[in-house]
Amino acid sequence: MNELIDLFLHVDEHLAAFVGEHGRLVYGLLFAIIFAETGLVVTPFLPGDSLLFAAGALAGTGILDVRLLMVLLFIASVLGDAVNYSVGRYIGPRVFRPDERQGLLARLLNPRHLERTHEFFEKHGGKAVVLARFVPIVRTFIPFVAGAGSMTYSTFAFYNVMGGALWVVICVGAGYVFGAIPIVKENFELVVVGIVAVSVLPMVVEVVRHWQAERQKSNPPAAELPKR
């Protein structure tokens, strides 16, 4: 656990050390990590935003080619989400199929939940797919859920490409522009914490908005009394 925390907080140092030992193989490593973090449901713990920022910072020093970096990581992120969606599309209907389950498991894996998920992604899924790119852990599960909910693939693919492009350009670009600033380099762990906080903000806003909407539905305003 301590090693994982150290990897997150000092990903810039670990990345620089890898470049020093293995040179251009770092491009393959970055591609593999981003693909796994977005494409495999079992690896949501891998660094995402902070890794992109650190890679951009290294590119800002001239160690890496920023254009090649953006292209490779964009491809990795889009392929990862596409694979994740396909796995969800294949597994979802089988996991949620009606059978003889009883109790809590039956309620959790109720096929009606899958129907509601499909309706949600057909109506709001594009925004969810794009915003999820910037939220750690959530971005690993959203493509799987979109596939399980049978979100139309053409719609998913469009927002997958859009979200992947925004995520890579913003995070790598920020590292490229700001990563070489001394105060950022000297306090990179605080920068990582800040990146995570900003990444989680959209999810918090959506949760609050949903909570307020549900509260208004359950407590509608009292009708005005007729004037005399």
**Student:** Under the side chain to side chain donor-acceptor pair (under 3.5 Å) rule, what pairs show up with a residue in residues 73-84, not counting sequence neighbours?
**Tutor:** D81-R133
**Student:** To check you understand the geometry: which heavy-atom pair defines the closest contact between M162 and V130, and what is its length?
**Tutor:** SD-CG2, 4.2 Å
**Student:** Could you walk me through whether V172 and F53 pass side chain to side chain contact (heavy atoms under 4.5 Å, CB included), step by step?
**Tutor:** CA-CA 5 Å; V172 173; F53 185 91; over 6 Å; no
**Student:** I'd like to check the side chain to side chain contact (heavy atoms under 4.5 Å, CB included) partners of A59; sequence neighbours left out, ordered by chain and number.
**Tutor:** L64, V66, L69, Y176
**Student:** Looking at CG of D49 and CZ of F134, how far apart are the two atoms once the value is rounded to the nearest 0.5 Å?
**Tutor:** 8.0 Å
**Student:** With sequence neighbours excluded, what pairs up with F18 under the ring-ring contact (aromatic ring centres under 6.0 Å, His included) test?
**Tutor:** H22
**Student:** Do the side chain of T140 and the main chain of V41 share a donor and acceptor less than 3.5 angstrom apart?
**Tutor:** no
**Student:** With rounding to the nearest 0.5 Å, note down the distance linking CD1 in I142 to CZ in F156.
**Tutor:** 9.5 Å
**Student:** For L68, which residues count as a side chain to side chain contact (heavy atoms under 4.5 Å, CB included) partner, sequence neighbours excluded?
**Tutor:** R24, Y27, D65, L72
**Student:** If you look at every heavy atom in F141 and I137, which pair is closest and at what distance?
**Tutor:** CD1-O, 3.1 Å
**Student:** Rounded at 0.5 Å granularity, tell me how far CG in L29 sits from CD1 in I34.
**Tutor:** 9.5 Å
**Student:** Atom CD in E37, atom CZ in R139: separation rounded to 0.5 Å?
**Tutor:** 4.0 Å
**Student:** Please say which of L30, L73, L46 ends up in a side chain to side chain contact (heavy atoms under 4.5 Å, CB included) with L51.
**Tutor:** L30
**Student:** In Å and rounded to the nearest 0.5 Å, what is the CZ to OG distance from F144 to S86?
**Tutor:** 11.5 Å
**Student:** Are side-chain heavy atoms of V83 and F35 found at a separation under 4.5 Å?
**Tutor:** yes
**Student:** Could you pull out all residues at least two apart from V161 that satisfy side chain to side chain contact (heavy atoms under 4.5 Å, CB included)?
**Tutor:** F74, V78
**Student:** Using ring-ring contact (aromatic ring centres under 6.0 Å, His included) as the criterion, list what pairs up with Y153, not counting sequence neighbours.
**Tutor:** Y85
**Student:** Linking I/L/V/M/F/W/Y whenever their side-chain heavy atoms sit closer than 4.5 Å, directly or via other members, would I75 and L40 fall into one cluster?
**Tutor:** no
